[in-house]
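For reference, the structure discussed in these notes is given below.
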Amino acid sequence: MLLTLEKRLREAFSAHIADRYGATVDIVLELPRQPSHGDLATPVCFGLAKVLRRAPRQIAAELCAELPPVKGIRSLEAAGAGYVNARFDRASYAAAVFSGIEPGKDDSSKAIIEHTNINPNKAAHIGHLRNAVLGDTLVRMLRALGRRVEVQNYIDNTGVQVADVVAAFRFLRGMGVEEVRALVRDPAVRFDYCCWDLYAEISRRFADKDPKAFAWRAATLKALESGEGDLAALGAVVADAIVACHLATMRRIGVLYDVLPRESEILKLRFWSTAFELLKSRGAIRFETSGKNIGCWVMPSKMFRTSAPKGARGVAESDESAGEADGAKVIVRSNGTVTYVGKDIAYQLWKFGLLEGKEFRYVPMRELGAGAPWVTTAEGGSADAPDFGGGSEVYNVIDVRQSYLQDVVRAALEALGFQRQAERSIHFSYEMVALSPRCCAGLGIELNEKERAKAYVEVSGRKGLGVKADDLLDLLIDTALEEVRSRHAALDESECRSIAEQIAVGALRYFMLRFTRNTVIAFDFQEALAFEGETGPYVQYAAVRASNILRKHEAGQGGGQASAEVPSSRALARQLEDEQLWQLVRAMSLSRWTVARATESGEPAQVARNAFQAAQAFNNFYHQTHILKEKDPERQAVQLAIVRLALEDLSRMMHVMGVPVPVRM
RNA sequence: GCGCCCGUAGCUCAGCUGGAUAGAGCGCUUGCCUCCGGAGCAAGAGGCCGCAGGUUCGAAUCCUGCCGGGCGUACCA
């Protein structure tokens, strides 16, 4: 409803100002911090003042007097130095939000979101959780706005990281395919944890520059890329098993995928060769015949360096200064193999449906049950697989350290003449999750001099330095479980556990969303395990309180369903004269507006923040007002409608964040 | 060197396309259960918004320059 009124006001102002003053201006509308400033306000007169050479306050007064009536707006007033404050028709606004009708957008264009993308060679850690939570929340935000979304989780099952663990199994442990398979099946072993340690172990060999290790890596990598031989088979076993672990971990926090495109299929189906021909024929890359990159196909730096100050202050921005070649990005190595960026360019082209003649085949991962994703395959495939790829907009959820490579990918599309697709290639970046010094101390991690001086320490899979996702979740569940048990002595264990799990997921997902994307999270157990203050459980608790009131009220009524009806507009008009009740209606009806704004600005943290604020407003109301003891039936009916509204609004935001809405806690 | 990001309360962070008196949480101090469950509510203390200029009616927000920190800048991914 707020979005509707915002739109109406914007259009009304815009039309009137164009008509009356012949000026076209952007109408900025804001939610005033103070209730006395009305329900929506605009500082538009300050801008007009300049054009019209008149005092803003005078224009504001004139605007208020002359603007034709706007449906749903009760009054306009000039305030402050020249603000125009609008007040809503309270009864009609409340009636609309109570009945929950809101036009849904119908957009048939498909957005593709790629997230998670964990190398399938070790257990997922907290950094991966941030990626998945951010990506999944973006998915939920777009879906909430009516967009069609396809979720892809790219599996690099033939890369160096997998190769290293495979080499470790084969050459460090002397294990073959069958032995590793047995290990995967062994219920006493957590395969992803086992690989975590193994990966750290072999990485030490590389750090020590062990020539044997480098030979193992080269041999394994070659085998993985060709897809043939024992090492390749071992690689498939390892990668598939780890992918299953990752999917299970993510499922615990409510993250699902539509399709898993794998690098092995990109190789087998030769996506790259098509992309390569395209890049060559359109002059996007060139063959180096001299210099340090001799024998390579490279993309010249001027194609992707974003800095280009577009002839700022007329300085010769062209040649010379570039000093020569030092920025060129190698796409094809001198030995003829393609780099990761090259494969990523091919993948990005496929996502937009631009790789003519190249298409994956898919099989469903049935063993994972309901909600299981499809995975790519080179041959065969299911006839009823959906039509994946071919999106009109692509979000790549990858941390900010990959900005450079993402820029190369985007530039490649541009160089190929796919201007529109380049513009719609969105690097949904975020800062890393690091470990706070206290966290390191708690984990028993020894830091060197240099690391100790820093505010945080980077997570490192190679060093085995980090907090595993499942460990954190388990710890959260244990902590919550203790609390739940102490509150509900009567509940049985499985019920307590189910509640504890919901709280743990809520706490975790909220924690990952609280921070804006470009804030480095210095991970700290104490903060992550908090259930009080600005946390997921705080928001969940507000929702639980709301449902408790409604349940008790219904019980007191003997199950009367009449209570769910929206109060009459006369009742609303009377009761909402009460400023406190009206402010609540307003505060409890911001979810759609919030999601729209958060999506527009690409900042999921806004949803978290607003959900917390809504929960705060509700908790305050809860304490001040004893709804079930209210004597005036009309007043109580309105209060109950507000409680229902609060539950709905909170639930909507929680759902977008993937924070469970518990029935009790 | 070059590019991107950050510097706001003791700590961790918000601050939406410049707008009305800079806000939360934690921690600290102090109140609040004859209650719809206190994972809560209320109040208090705590700010040259890194520094210096500039643009503007108006700057935490935009521009320039410094200072401090992070990340990137591979024939790794």
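Proteins come first, then strands; the chains are lettered A, B, ... in the order of their sequence lines, and each starts at number 1.
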Verdict with reasoning, A/F612 to A/Y538, per ring pair (Phe, Tyr, Trp, His ring centres under 6.0 Å) = CA-CA 8 Å; A/F612 175 68; A/Y538 176 93; 5.0 Å; yes
Using atom OH of A/Y430 as one end and atom C1' of B/C71 as the other, report the distance to the nearest whole Å.
-> 14 Å
OP1 or OP2 of B/A14 less than 4.0 angstrom from a side-chain nitrogen or oxygen of A/T519, does that happen here?
-> yes
With no angle test and no hydrogens, is the base of B/G40 tied to the side chain of A/N619 by a donor-acceptor pair under 3.5 Å?
-> no
For A/R487, answer base if it contacts any base atom (sugar-phosphate contacts may also be present), sugar-phosphate if it contacts only those atoms, and nothing otherwise; contact means non-hydrogen atoms under 4.0 Å.
-> base
For the residue pair A/H128 and A/H246, does the interplanar ring angle fall in the parallel (under 30°), tilted (30 to 60°) or perpendicular (over 60°) class?
-> tilted
Between atom CD in A/E431 and atom C1' in B/G72, what is the gap in whole Å?
-> 10 Å
Given atom CG of A/L529 and atom P of B/U12, what is their separation to the nearest angstrom?
-> 18 Å
Quantified in whole Å, what is the P atom distance between nucleotide B/U73 and nucleotide B/A9?
-> 32 Å
Which residue, A/Y538 or A/Q606, contacts RNA chain B at a nucleotide closer to its 5' end, judged by nearest heavy atom?
-> A/Q606
Report which part of the nucleic acid A/I27 touches: base, sugar-phosphate, or nothing (heavy-atom distance under 4.0 Å, all strands).
-> nothing
Given B/A77, is OP1 or OP2 found less than 4.0 Å from the side-chain N or O atoms of A/Y340?
-> no
Contacts of type side chain to side chain donor-acceptor pair (under 3.5 Å), residue A/E527, not counting sequence neighbours = none
Base, sugar-phosphate alone, or nothing: which one does A/N85 contact when heavy atoms must sit under 4.0 Å apart?
-> base
Side chain to side chain, A/D344 and A/Q406, heavy atoms closer than 4.5 Å | yes
Determine the contact category for A/D344: base if any of its heavy atoms lies under 4.0 Å from a base atom, sugar-phosphate if only primed atoms, P, OP1 or OP2 are that close, otherwise nothing.
-> nothing
Whole-Å distance separating the CD atom of A/Q402 from the P atom of B/A74 = 14 Å
Is it the case that A/R517 places NZ or CZ above or below the six-membered ring of A/F428, under 6.0 angstrom from the centre and within 45 degrees of the axis?
-> yes
Would A/R286 and A/E288 pass as an ion pair if we require N to O under 4.0 Å?
-> yes
Check nucleotides 29-32 of chain B for protein N or O atoms closer than 3.5 Å to its own N or O atoms and list the pairs.
none

Euclidean distance for C1', B/G46 against B/U34 (whole angstrom) = 37 Å
Go through the side-chain N and O atoms of A/Y510 and A/E534 and say whether any donor and acceptor fall under 3.5 Å apart.
-> yes
Is A/L29 touching bases, backbone alone, or none of the nucleic acid, heavy atoms closer than 4.0 Å?
-> base
Distance, P atom - from B/C49 to B/G44, rounded to whole angstrom | 22 Å
Nearest-Å distance once atom C1' is located in both B/G25 and B/U61 | 23 Å
Do A/Q348 and A/R410 get their side chains close enough for a donor-acceptor pair, meaning under 3.5 Å?
-> no
Taking atom P in both B/C63 and B/G7, what distance in whole Å separates the two?
-> 14 Å
Short heteroatom pairs, N/O only, protein and nucleotides 23-27 of chain B, under 3.5 Å:
{"from": "B/G25", "atom 1": "OP1", "to": "A/Q616", "atom 2": "NE2", "distance (Å)": "3.2"}
{"from": "B/G25", "atom 1": "O2'", "to": "A/E534", "atom 2": "N", "distance (Å)": "3.4"}

Would a 4.5 Å heavy-atom cut-off, applied to side chains only, mark A/E431 and A/T519 as touching?
-> no
Nearest-Å distance, CZ (A/R10) to P (B/C16)?
-> 16 Å
Dot-bracket for RNA chain B, 5' to 3', Watson-Crick and G-U pairs with both distances under 3.5 Å, [ ] for crossing pairs, | for partner on another strand, reads (((((((..((((.....[...)))).(((((.......))))).....(((((..]....))))))))))))....
Has A/R664 got more than 12 heavy atoms of other residues, nucleotides or ligands less than 6.0 Å from its CZ?
-> no
Give one of base, sugar-phosphate or nothing for A/V520, where a contact means two heavy atoms less than 4.0 Å apart.
-> sugar-phosphate
Nearest-angstrom distance, C1' atom, B/A77 to B/G72 | 14 Å
May I ask you to verify if any side-chain N or O of A/K454 is less than 4.0 angstrom from the OP1 or OP2 atom of B/C71?
-> yes
How about A/Q624 and A/N620: do any of their side-chain heavy atoms sit closer than 4.5 Å?
-> yes
If you look at every strand shown and take non-hydrogen atoms under 4.0 Å, does A/H488 touch a base, only sugar-phosphate, or nothing?
-> base
Does a side chain donor of either A/T158 or A/E225 reach within less than 3.5 Å of an acceptor in the other side chain?
-> no
Just grab all the side chain to side chain donor-acceptor pair (under 3.5 Å) pairs involving residues 24-34 of chain A, residues at least two apart or on different chains.
-> A/Q34-A/S36
State whether the distance check finds a donor on one side and an acceptor on the other, under 3.5 Å, for side chain A/E600 versus base B/U17.
-> no
Around atom CD of A/E495, are there more than 12 heavy atoms of other residues, nucleotides or ligands at under 6.0 Å?
-> yes
From CG of A/L513 across to P of B/C13 the rounded distance in Å is 15 Å
Set out, line by line, the N/O atom pairs under 3.5 Å between protein and nucleotides 61-63 of chain B.
none

Would one find a side-chain N or O of A/K50 under 4.0 angstrom from OP1 or OP2 of B/G58?
-> no
Determine the contact category for A/A41: base if any of its heavy atoms lies under 4.0 Å from a base atom, sugar-phosphate if only primed atoms, P, OP1 or OP2 are that close, otherwise nothing.
-> base
Just checking A/S601: base, sugar-phosphate only, or nothing, at a heavy-atom cut-off of under 4.0 Å?
-> nothing
May I ask you to say what A/Y541 touches in the nucleic acid, namely base, sugar-phosphate or nothing, with a heavy-atom cut-off under 4.0 Å?
-> base
In whole Å, what is the span from the OH atom of A/Y510 to the C1' atom of B/C13?
-> 11 Å
Note: for A/Q161 and A/P32 on RNA chain B, the residue whose nearest nucleotide lies more 5' is A/P32
Ignoring hydrogens and angles, state whether a donor on the side chain of A/T625 or A/Q639 is under 3.5 Å from an acceptor on the partner side chain.
-> no
Please assess A/R462 against A/D164 for the test salt bridge (charged side-chain N to carboxylate O under 4.0 Å, His left out), listing each intermediate value before the final yes or no.
-> CA-CA 10 Å; A/R462 289 214 165 268; A/D164 286 353; 3.2 Å; yes
If we take the P atom in both B/A60 and B/A20, what is their distance in whole Å?
-> 10 Å
A/R597/A/E603 ion pair, N-O < 4.0 Å = no
Name the nucleic acid region contacted by A/I503, choosing base, sugar-phosphate or nothing; use a 4.0 angstrom heavy-atom cut-off, strictly under.
-> base
With a 4.0 Å cut-off, would you call A/E482 and A/R487 a salt bridge?
-> no
Across the strands shown, which category fits A/N620 at heavy-atom distances under 4.0 angstrom: base, sugar-phosphate, nothing?
-> sugar-phosphate
Distance, rounded to the nearest Å, where A/Y404 contributes OH and B/U73 contributes P = 8 Å
What nucleic acid atoms does A/V539 come within less than 4.0 Å of, heavy atoms only: base, sugar-phosphate, or nothing?
-> nothing
Pick the C1' atom in B/C51 and in B/U8, then give their distance to the nearest Å.
-> 15 Å
May I ask you to say what A/L405 touches in the nucleic acid, namely base, sugar-phosphate or nothing, with a heavy-atom cut-off under 4.0 Å?
-> base
